[in-house]
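Have a look at the structure below before the remarks.
Everything numeric in this text was worked out from a predicted model, so none of it was measured. All residue numbers refer to positions in the sequence shown, counting from 1.
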Amino acid sequence: MKQVAINRRPRVLHIGKFYPPYKGGMETHIQDLCHSISPFADVSVLVSNNAKHTIHEFDREIPVHRIGSWANLASAPISPGMVRAIRRTPADIVHLHCPNPTAVLSFLASGHRGKVVITYQSDIIRQKVLRYAYEPLFNRLAARADAIVCLSPNYIETSSMLSKFREKCHVIPHGIDPQRFANVDHQKIKEIRQRYGDRIVLGVGRLVYYKGFEYLIRAIAGTHATLLIIGTGPLHDQLQELARDCGVADRVHLLGEVDDVIPYYHAARVFSLPSVARSEAFGIVQLEAMACGTPVVNTRLESGVPFVSLDGVSGRTIPPADAAALQRAITSILDNVHLHARFSDGGRERVRQLFTVDSMSKKTLQLYEKVLGNVPVAIENPELATV
């Protein structure tokens, strides 16, 4: 069918699992993207509510529809009202953020005839039964889609789910606002260092299996550093017990949630993302640390993690699940001021070049124009070339 360009602002419906103030990487990304493209498109959001009733509200000027959920199945909300909401939308483009079984099933059942863009955040890794049921649904959606947004070239190369649809894939990484992380509360940084010392290693994330925080705790035992971990999750007590067993309970502090993580990024000498599974598809916390000038030690996963913070540029990349290698990488940065400065500058520059909200929104709008038949998409940086 021949595409016909539209001569007005495009109408775009974003469909996610949840939306802020619900906390999560996908939720934050959807909000940042919608805010950044809303000056150029009529944007609305459709997500599940974490209660049975439906809520219609505004986030700034963006309509947000939270559809009531009747239950949860394998962490996926069941929101039957979503089918009707999608069917009724006048959107020119429906932009789905996956993995999201509820959204995929609802869209397919809705019969909506508009253009379809998918942001593919990650594979479903551990929930094998859910993946078995979800994969044929996603394949139907991907066959119907006009474009699939991937966060890194690495993920396209390593995802079996994407292998059949490579010609539709475009790399548009998550982006952040570097200026937000440059606004420093010097007094707060001073207080953190007075409390925990000058050799702080920082980890940020949910206390769950794939984050690999147990290897970070073991690594700290071989350093003269203090580890701060910000986040909550089911492994809290297990990690605390491990710190005691390793003899570093006095140097490992599980802080839970904090009001503002930015001073902690600045106070830290090293940031570590020691993830052990490709459930960690991107690691946006790396960008936040890099924007603050904090070198990163990450792991060589078959995902976007080592693409975000590049080995030898913004930090060190080591094999996953290797506490000894993690300890050596952390120590090399802590003990070498020149290496620290090089990685600090390299991280800031990498964020400015590849990972800003402005760049993310520009490339997304270019992709929308291509999908609607207005102009061809153009990815200027060769590192983000369309696949």
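Geometric assessment of Arg269 against the ring of Tyr264 yields a negative cation-pi assignment under the 6.0 Å and 45° thresholds.
In this structure, Tyr120 has its ring center under 6.0 Å from that of Phe138. Here His266 and His186 keep their ring centres 6.0 angstrom or further from each other. Taking the six-membered ring where the residue is Trp, the centroids of Phe355 and Phe307 are separated by under 6.0 Å. For His338 and His340, the distance between ring centers is not under 6.0 angstrom.
Under a 3.5 Å cut-off, the side chain of Arg342 and the backbone N or O of Val313 do not form any donor-acceptor pair.
One finds a salt bridge joining Arg352 and Glu349 here, because a Lys/Arg side-chain nitrogen approaches an Asp/Glu carboxylate oxygen to under 4.0 Å. Under the 4.0 Å criterion applied to side-chain N and carboxylate O atoms, Asp92 and Lys115 are not assigned as salt-bridge partners. Taking the charged nitrogens against the carboxylate oxygens, Arg166 and Glu157 do have a contact shorter than 4.0 Å, which makes a salt bridge. Taking the charged nitrogens against the carboxylate oxygens, Glu27 and Lys17 have no contact shorter than 4.0 Å, which rules out a salt bridge.
Under a hydrophobic-cluster definition in which Ile, Leu, Val, Met, Phe, Trp and Tyr are linked whenever side-chain heavy atoms come within less than 4.5 Å, directly or via other members, Leu228 and Leu239 are assigned to different clusters. Tyr196 and Leu227 sit in two unconnected hydrophobic clusters of ILVMFWY residues. Membership requires side-chain heavy atoms under 4.5 Å apart, directly or through other members.
Scanning for salt bridge (charged side-chain N to carboxylate O under 4.0 Å, His left out) contacts around Asp59 gives an empty result, with sequence neighbours left out. Applying the side chain to side chain contact (heavy atoms under 4.5 Å, CB included) test to Val276 and every residue at least two apart in sequence or in another chain returns Tyr215, Ala321.
Distance NZ/Lys363 to CG/Asp358: 10.5 Å, rounded to 0.5 Å. Note that CG of Asp123 and OG of Ser160 are 6.0 Å apart. Values are rounded to the nearest 0.5 Å. Taking CG of Leu105 as the reference point, atom OG of Ser110 lies at 10.0 Å (rounded to 0.5 Å).
Across all non-hydrogen atoms, the minimal contact from Ser48 to Thr102 is OG-CG2, 4.3 Å.
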### Task
Could you check Lys190 against Asp185 for salt bridge (charged side-chain N to carboxylate O under 4.0 Å, His left out), going step by step and ending with a plain yes or no?
CA-CA 9 Å; Lys190 182 179 178 181; Asp185 184 339; over 6 Å; no
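Between the side chains of Thr89 and His112, no donor N or O sits under 3.5 Å from an acceptor N or O.
Considering Pro99, Ser159, Ser303, Cys98 in turn, Pro99 is the only one that fulfils the side-chain contact (heavy atoms from CB on, under 4.5 Å) rule with Ser122.
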